[in-house]
Amino acid sequence: MVDAGAVPKIPTGVTWHSLQPREERWVRLGQRPVIAWLTGLSGAGKSTIAVAADRTLVANGRHSAVLDGDNLRHGLNADLTFTHADRSENVRRTAEVARLMAESGSVVIVSLISPYRADRAVARRIAGDIPFLEVFVDTPLGLCEARDQKGLYRLARAGRIPGFTGVSAPYEAPESPDLTIATEDCSTEACAYRLSTLLLRLSRGGEAAAQRR
């Protein structure tokens, strides 16, 4: 049985190939990488905030990308279900991709329910020495249901979607998030501004180094 949240062992004979020195790449890009991991209930506003923040980063000359949970389940994670074990694997795969993208110098914004604290801890460990921000998009369950244009909560309440986070499956809110964005009385623009401002500041290290060259 696979241990949910465990990082698979590396097969014998498989070695990590060091490519171009990453710090040199970061200097040439004029920025340092950051991974922002947005977690919260379905309908909390994670994807909306991520896209808006990404747009601001690009407008300010940053190389950034969004890894959205729904998009990943169309391809990379299409084989995964919503069991506890598969949710853990969903987080692990996404974290590995985020790390690879960050190593190339990108600011990576992940939008993923990722309901379990242990799985998010694994994502942080995978990030290694890349700055990792756990961002809690804090939206009350009732408001998430009211925003639910897909009708997923209604189906879950009717028992037609088993294991639905917040209804028939747990959501473990972060205990000490690096950033909390409470959306109940906050516009999309204001919520995204909090995230993009922080990411712009954290990614400036490479920019300063490039200017000194």
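Between Ile181 atom CD1 and Thr139 atom OG1 the span is 9.5 Å, to the nearest 0.5 Å. Separating the CD atom in Gln31 from the OG atom in Ser106 is a distance of 6.5 Å, to the nearest 0.5 Å. Between Ile130 atom CD1 and Ile35 atom CD1 the span is 6.0 Å, to the nearest 0.5 Å. In this structure, Leu57 CG and Leu199 CG are separated by 5.5 Å, a value rounded to the nearest 0.5 Å.
Closest non-hydrogen pair, Pro140 versus Glu184, comes out as CG-OE1, 3.6 Å. When all heavy atoms are compared, the tightest approach of Pro115 to Thr165 is CB-CG2, 4.0 Å. Heavy atoms only, all atoms of each residue included: Gly45 and Val137 are closest at C-CG1, 4.3 Å. Across every non-hydrogen atom of Ile113 and Tyr171, the tightest pair is O-CE1, 3.6 Å. Nearest heavy-atom pair across Val110 and Ala98 is CG2-CB, 4.1 Å.
Looking only at distances, a side-chain donor or acceptor of Lys46 sits under 3.5 Å from a matching main-chain atom of Leu41. At distances below 3.5 Å, at least one donor-acceptor pair connects side-chain atoms of Trp26 with backbone N or O atoms of Glu103. Arg117 contributes no side-chain N or O that, together with a main-chain N or O of Pro174, makes up a donor-acceptor pair within less than 3.5 Å. A donor-acceptor pair is defined here as one N or O able to donate and one able to accept, closer than 3.5 Å; no such pair exists between the side chain of Thr197 and the backbone of Arg194. A donor-acceptor contact shorter than 3.5 Å is absent between the side chain of Ser203 and the backbone of Pro33. In this structure, Tyr153 contributes its side chain and Ser42 its backbone to a donor-acceptor pair below 3.5 Å. At distances below 3.5 Å, at least one donor-acceptor pair connects side-chain atoms of Asp68 with backbone N or O atoms of Asp70. Arg120 places no side-chain N or O within donor-acceptor distance of the main-chain N or O of Glu134, the cut-off being under 3.5 Å.
Paired with Trp37 under the rule side-chain contact (heavy atoms from CB on, under 4.5 Å), one option of Leu112, Val108, Ile109, Leu133 passes, and it is Leu112.
Annotation: cation-pi geometry satisfied between Arg73 and Phe82 (NZ/CZ under 6.0 angstrom from ring centroid, within 45° of ring axis).
Ionic pairing of Asp178 and Arg124 is present here: one or more N-O contacts between side-chain nitrogen and carboxylate oxygen are shorter than 4.0 angstrom. Contact check on Arg99 versus Glu96 returns no salt bridge, with no Lys/Arg side-chain nitrogen under 4.0 Å from an Asp/Glu carboxylate oxygen.
No more than 12 heavy atoms of other residues, nucleotides or ligands shown are found within 6.0 angstrom of OH on Tyr193. Around CZ of Arg160, the count of heavy atoms belonging to other residues, nucleotides or ligands within 6.0 Å does not exceed 12.
Counting heavy atoms from C-beta on, the side chains of Arg92 and Ile126 come closer than 4.5 Å. Residues Arg157 and Val167 form a side-chain contact, since some pair of their non-hydrogen atoms from C-beta on lies under 4.5 Å apart. Side-chain contact between Leu72 and Leu67 is present, with at least one heavy-atom pair separated by less than 4.5 Å. Residues Asp138 and Thr180 form a side-chain contact, since some pair of their non-hydrogen atoms from C-beta on lies under 4.5 Å apart. Two residues are said to be in side-chain contact when any heavy atoms from C-beta on lie closer than 4.5 Å; Val135 and Leu198 fail this criterion. Inter-residue side-chain proximity for Arg93 and Leu80 is flagged as met; some heavy-atom pair is nearer than 4.5 Å. A heavy-atom distance below 4.5 Å is not found between the side chains of Val122 and Val91.
Counted by atom type alone, Asp86 and Thr81 present one or more donor-acceptor pairs between their side chains at under 3.5 Å. Neither side chain, Ser114 nor Asp119, offers a donor N or O lying under 3.5 Å from an acceptor on the other.
Transitive grouping of hydrophobic side chains (ILVMFWY, heavy atoms separated by less than 4.5 Å) brings Leu200 and Leu38 into a common cluster. Hydrophobic clustering keeps Phe132 apart from Phe136 (ILVMFWY residues linked when any side-chain heavy atoms are closer than 4.5 Å, directly or through intermediates). In the hydrophobic clustering of ILVMFWY residues, with side-chain heavy atoms under 4.5 Å counting as a link, Ile49 and Leu143 come out apart.
Contacts of Ser196 classified as side-chain hydrogen bond (donor to acceptor under 3.5 Å, both in side chains), with partners at least two apart in sequence or in another chain: none.
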